[in-house]
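Heads up: the structure comes next, in structure tokens.
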Amino acid sequence: MAELSERMRAYVQPHLANIEPYDPNFTPCRINLSANENTYPVPEGVREAVDAALAATALNRYPDPMSEELRCELAAWHGVDPACVCVGNGGDELLFNFLLAFGGRGRTLLNCPPTFSEYEFFAQLTSTDVRNVARDRKTLAVDERATLAAASRVDLAILTSPNNPTGDVASSSFVAQLCRAVDGPVMVDEAYIEFAEAGADKQALLASCPNLVILHTLSKAFGAAGIRCGYVIAAPDMIEVFSAVRQIYSVNVLTQAAALAMVHRRDAFAPVVEQIRAERARIVRALEVDERLQIWEGQGNFLLVRVPSASEIRSRLRDEYSILVRDFSYMPGLADCLRITVGTPEENDELLAALAVLINEEA
């Protein structure tokens, strides 16, 4: 991104003068395995239900401010009171509102990189300081001892489970300790939780950890990244804060209608999730025979792979095969690392064949 002009630097708030937007580094391509999207077709019957819901939705009225019908369905699914749920315009809005409400000037966010870069981006937008506690250099797992040691000196924390881009899941015992150590809200971002092993979610901790906030999204397992719908589950008084700071009517009528139709039919997505898990394991088996590669077999719908000459291979995949993956070499601790979204069997076959050629040529 070009730097702001001198005129704009004088206009914007001082802490935004050097802001750099979140950049997904997207390029039009034939096979996009760069954004952790669900690349599978919508299950049979679900798209038809979504289309019918959209067709029946009036466009001349403002949306329900709190998405009450969707909120109640999500609450019933998770077995909580609707007062414990707030729906947002994707997980991104809820992440921003978390920093907006609980961060700010003079407050510090605890962050465990390498992780989702938007946490630091939103912290910068909201004038929130960041205390980074780096993950283990070899395993990329959270350094639990160092993180807990830093927790008493911060005001809020975000932990991703499964983590993006490493895919590891935080233990419930560690999350509980973190909630006790931080004198403020702790968010666990579970955007990829549907792809993890059973019991990996942290919802059971809500009863004993009143400062815990759990973030979910329909963008991944539900294949609904385009409609922008996420939600948080937390104690009712925490949800009241999210409700107070949200932008008015942020979840539009079409999103509410489509999301409700999908959540009603959530069981239809289970076979898709299982196939993605199976394909994830198949890709690992195919790649691990090459001793030049280092693979982190996480529990998301993606894999992190250290590849010799990763940036060059990423460029050649794009330019010669029209396959897009994400290069994380720029991130501290992730030199020569590519993040690969698990696609359909056909997409994965093409990727594996192309990688085999390019890795040998670059060696």
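Note that the coordinates shown come from a computational prediction; the quantities given were computed from them, not determined experimentally.
Looking at Arg71 and Asp64, no side-chain N of the basic residue comes within less than 4.0 Å of a carboxylate O on the acidic one, giving no salt bridge. Using a 4.0 Å cut-off between charged nitrogen and carboxylate oxygen, Glu361 and Arg316 count as a salt-bridge pair. Remark: Lys138 does not engage Asp136 in a salt bridge, criterion side-chain N to carboxylate O under 4.0 Å. Under the 4.0 Å criterion applied to side-chain N and carboxylate O atoms, Glu350 and Arg30 are assigned as salt-bridge partners.
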Exercise for review: Check step by step if salt bridge (charged side-chain N to carboxylate O under 4.0 Å, His left out) holds for Arg339 and Asp327.
Suggested key: CA-CA 6 Å; Arg339 191 194 66 195; Asp327 184 5; over 6 Å; no

Point to revise | Trace of the side chain to side chain donor-acceptor pair (under 3.5 Å) decision for Arg246 with Asn89 | key: CA-CA 9 Å; Arg246 76 190 190 285; Asn89 184 357; over 6 Å; no

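Judged purely by distance below 3.5 Å, without hydrogens or angles, the side chains of Asn252 and Arg228 never pair a donor atom with an acceptor atom. For the 3.5 Å distance criterion, the side chains of Thr39 and Glu347 qualify, holding a donor opposite an acceptor. Donor-acceptor pairing under 3.5 Å is recorded for the side chains of Asn360 and Arg292. In the model, Asn36 has a side-chain atom that pairs as donor or acceptor with a side-chain atom of Tyr192 under 3.5 Å.
Between Phe328 and Tyr330, the angle of the ring planes stays under 30°, which puts this pair in the parallel group of the 30/60° scheme.
Residues satisfying the ring pair (Phe, Tyr, Trp, His ring centres under 6.0 Å) criterion with Tyr231, sequence neighbours excluded, are His78, His216.
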